[in-house]
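Sharing a structure with you now.
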Amino acid sequence: RREWVGQGCTQSLGDPMVLLCALCCAEKSGQPEQICANIGLRFKALQEIKKMRRQLCTEVESVLPGVGQLLQPGLKPPDQTEARLLQQILLAGCGDQVARKMEMNEEGYQKGAYRIGAMEQPVFIHSSSVLKKKCPDWVIYQEVFETDKVYLRCVSEITADWLPKFMPGLCNLGKPLEKPEPNYSPSTGLVTAFFKGTYGRGSFPLPVVEVELEPGLEKYKLFGKFILEGIVCSDLKQFTTSLLSNPIIMTKSWSNLQPRTETLCRALASAKVHSAATLRKAWEEDRNFLLAAYKAWLPEVLHEDVRKLWPPSIDSG
């Protein structure tokens with residue numbers, strides 16, 4: 001089993017990776033019933049899996065033509081990328097079955113113990129799991145059962161960074177942290193902030209995570225600041241030294257006292273522009289969008305230069 005899971009993401013996929021490799025091994029064999037008996041896989045279960053795959057592929061085929069070829073014999077085990085995607089799929093479907101490894105300073109700590117939900121009793125990864133020795137910080141599980149202790153079965157490793165992305169409804173992130181400061185990512189074109197919240201009914205503490213800000217006044221102010229700083233559109237960097245006010249005032253509580261900050265923020269909010277994608281769409285519909293609001297931040301002598309390059313190109317996102 002440990003040879004099947006390998007290293008990296010395939011190992012992190014854990015027990016489901018073992019089952020997938022067993023399935024692939026049985027399908028490749030000319031004597032699947034004998035192979036199932038040798039590796040401990042029920043032959044009837046293999047037949048049920050085939051029927052389910054056929055049903056799923058038929059449904060998906062209506063949306064994505066060509067998927068039916070997945071039913072061809074010779075199914076290969078997941079590679080590293082596919083294994084990581086399968087981990088995330090399992091998390092999205094089993095978000096209420098997350099376990100966190102207990103820390104040494106935690107009340108009731110036992111070596112190798114985990115917390116699940118609001119349950120006070122510690123639980124453990126079963127000895128049959130390929131992740132028993134690795135003992136990851138965060139896992140998802142398919143089954144809980146009790147003998148001498150409470151055990152988790154069919155375990156996969158996850159990372160805490162995935163929880164806000166795939167299970168936001170179970171995360172309580174609270175307010176953004178002041179440090180590190182909110183950020184604009186040119187690669188995604190999104191305004192992000194850093195949070196340190198909790199997860200699930202057990203209020204498991206999360207590490208500091210960076211997630212996209214929800215649309216709101218604060219996000220419009222920050223996006224306006226990043227536009228003025230030339231981070232969203234590098235064509236505007238040439239004007240940053242000539243701005244009549246520091247872009248940082250966009251985020252101040254008293255920013256509405258400055259007419260130019262209020263004008264820019266109102267323009268972004270009215271068009272619901274808070275990312276590179278929404279800004280690009282706004283300029284496709286109206287090439288002069290934000291032109292007047294941006295010129296209000298510059299001396300009149302530069303207005304013609306701005307008009308000639310408007311709309312500026314968005315670097316990415």
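Below, each value reflects all heavy atoms present in this structure, side chains not excepted, and no hydrogens, waters or symmetry copies. Note that the numbering runs from 1 along the sequence shown for the chain.
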Val211 and Pro164: which non-hydrogen atoms are nearest, and at how many Å? CG1-CB, 3.6 Å
Flag, side chain of Ser156 to backbone of Leu13, donor-acceptor distance under 3.5 Å: yes
Is the count of non-hydrogen atoms from other residues, nucleotides or ligands lying under 6.0 Å from Glu304 atom CD greater than 12? yes
I'd like to know whether CD of Glu214 has more than 12 heavy-atom contacts from other residues, nucleotides or ligands below 6.0 angstrom. no
Chi angles and distances behind the side chain to side chain contact (heavy atoms under 4.5 Å, CB included) call for Leu228, Met250: CA-CA 10 Å; Leu228 293 170; Met250 285 291 300; 3.9 Å; yes
For the residue pair Arg153 and Ser128, confirm or rule out a side-chain donor-acceptor distance under 3.5 Å. no
Counting N and O atoms only, with roles assigned by atom type, does the side chain of Asp315 sit under 3.5 Å from a partner on the main chain of Ser234, one being a donor and the other an acceptor? yes
Considering all heavy atoms of both residues, which atom of Gly108 and which atom of Arg115 are nearest to each other, and what is their separation? CA-NH2, 4.5 Å
Could you check if a side-chain atom of Ile227 sits within less than 4.5 angstrom of a side-chain atom of Leu264, using non-hydrogen atoms only? no
Please check: side-chain N/O of Asp235 versus main-chain N/O of Ser313, any donor-acceptor pairing under 3.5 Å? yes
Heavy-atom distance under 4.5 Å between the side chains of Glu210 and Asn183, does that happen here? yes
Parallel under 30°, tilted from 30 to 60°, perpendicular over 60°: which one fits the rings of Phe223 and Tyr184? tilted
Salt-bridge present (Arg260, Glu262; N to O < 4.0 Å): no
Start with the C-alpha distance between Cys171 and Leu163, add both sets of side-chain angles, then the distance that settles side chain to side chain contact (heavy atoms under 4.5 Å, CB included), and finish with yes or no. CA-CA 7 Å; Cys171 292; Leu163 294 171; 4.1 Å; yes
Got a sec, which residues hit side-chain hydrogen bond (donor to acceptor under 3.5 Å, both in side chains) with Arg84, two or more places apart in sequence or on another chain? none
For a 4.5 angstrom cut-off between non-hydrogen side-chain atoms, does Leu23 reach Leu46? yes
Taking the side chain from Ser129 and the backbone from Ile125, do they hold a donor-acceptor pair closer than 3.5 Å? no
For Met17 and Pro77 the tightest heavy-atom approach is CE-CB, 4.2 Å
Ignoring hydrogens and geometry, is there a side-chain-to-backbone donor-acceptor pair from Asn288 to Leu291 under 3.5 Å? no
Can you get from Tyr294 to Phe226 by hopping between Ile, Leu, Val, Met, Phe, Trp and Tyr side chains that sit under 4.5 Å apart? yes
If you look at every heavy atom in Cys233 and Ile314, which pair is closest and at what distance? SG-CG1, 4.1 Å
Between Glu229 and Lys237, does the side chain to side chain contact (heavy atoms under 4.5 Å, CB included) criterion hold? Intermediate values first, please. CA-CA 7 Å; Glu229 291 174 340; Lys237 280 187 177 180; over 6 Å; no
What pairs of donor and acceptor atoms, side-chain ones from residues 144-151 against any protein atom, are under 3.5 angstrom apart with sequence neighbours left out?
residue: Asp148; atom: OD1; partner: Tyr151; partner atom: OH; Å: 3.1
residue: Asp148; atom: OD2; partner: Tyr151; partner atom: OH; Å: 3.4

If you round to the nearest 0.5 Å, how far is CG of Leu222 from CG of Leu268? 11.0 Å
Do Leu86 and Leu20 come close enough that some side-chain heavy atom pair is under 4.5 Å? yes
Salt-bridge contact Arg100-Glu106 (side-chain N to carboxylate O under 4.0 Å): yes
Do the side chain of Gln80 and the main chain of Gln7 share a donor and acceptor less than 3.5 angstrom apart? yes
Could you measure the distance from the CE atom of Met104 to the CD atom of Gln110? Nearest 0.5 Å is fine. 13.0 Å
According to the interplanar angle, ranging from 0 to 90°, do the rings of Phe204 and Trp138 count as parallel (below 30°), tilted (30 to 60°) or perpendicular (above 60°)? perpendicular
Determine the minimum heavy-atom distance between Gln87 and Trp162, stating which atoms define it. CB-CZ3, 3.7 Å
Side-chain contact test, heavy atoms from C-beta onward, threshold under 4.5 Å: evaluate it for Val139 versus Ile158 and give yes or no. no
Aromatic contact, Trp297 with Phe239 (centres under 6.0 Å): no
Hydrophobic cluster membership, with links at side-chain heavy-atom distances under 4.5 Å among I/L/V/M/F/W/Y: are Phe124 and Ile116 in one? no
pair Leu298-Leu244: side-chain heavy atoms closer than 4.5 Å: no
Hydrophobic cluster membership, with links at side-chain heavy-atom distances under 4.5 Å among I/L/V/M/F/W/Y: are Leu131 and Leu19 in one? no
For Pro136 and Tyr114, which heavy atoms make the closest approach, and how far apart are they? O-OH, 2.5 Å
Looking at Ile249, is its backbone amide N or carbonyl O close enough to the side chain of Lys225 to form a donor-acceptor pair, meaning the two atoms are under 3.5 Å apart? no
Taking salt bridge (charged side-chain N to carboxylate O under 4.0 Å, His left out) as the test, write out the residues that go with Lys221, two or more places apart. none
Between Leu152 and Met102, is there shared hydrophobic-cluster membership here, with clusters defined by ILVMFWY side-chain heavy atoms closer than 4.5 Å? no
Residues in side-chain hydrogen bond (donor to acceptor under 3.5 Å, both in side chains) with Glu157, at least two apart? Ser12, Lys134
Starting from the C-alpha separation in whole Å, work towards a yes-or-no answer on salt bridge (Lys or Arg N to Asp or Glu O under 4.0 Å) for Lys179 and Glu181. CA-CA 5 Å; Lys179 297 291 182 179; Glu181 296 180 351; 3.2 Å; yes
Working for side chain to side chain contact (heavy atoms under 4.5 Å, CB included), residues Leu217 and Cys265: CA-CA 8 Å; Leu217 181 60; Cys265 186; 3.4 Å; yes
Would you indicate whether the side-chain heavy atoms of Pro182 and Pro176 approach each other to under 4.5 Å? no
For Lys295, all residues meeting salt bridge (charged side-chain N to carboxylate O under 4.0 Å, His left out), sequence neighbours excluded: none
How long is the span from the CH2 atom in Trp310 to the CZ atom in Arg287, to the nearest 0.5 Å? 11.5 Å
Val98 side chain near Met167 side chain, heavy-atom distance below 4.5 Å: no
Distance from Ile231 atom CD1 to Ser185 atom OG, nearest 0.5 Å? 11.0 Å
Between atom CE of Met119 and atom CD of Gln121, what is the distance when rounded to the nearest 0.5 Å? 4.0 Å
Transitive ILVMFWY cluster of Leu177, excluding itself - 4.5 Å side-chain cut-off: Phe194, Val208
Thr192 and Glu212: side-chain donor and acceptor closer than 3.5 Å? no
Interatomic distance, CZ@Arg54 vs CG@Leu56, rounded to 0.5 Å, equals 11.5 Å
Verify, without hydrogens or angle tests, whether Gln97 (side chain) and Cys94 (backbone) share a donor-acceptor contact under 3.5 angstrom. no
Val155 backbone acceptor or donor facing Asp15 side chain under 3.5 Å: yes
ILVMFWY network linking Leu309 to Phe289, side-chain heavy atoms under 4.5 angstrom: yes
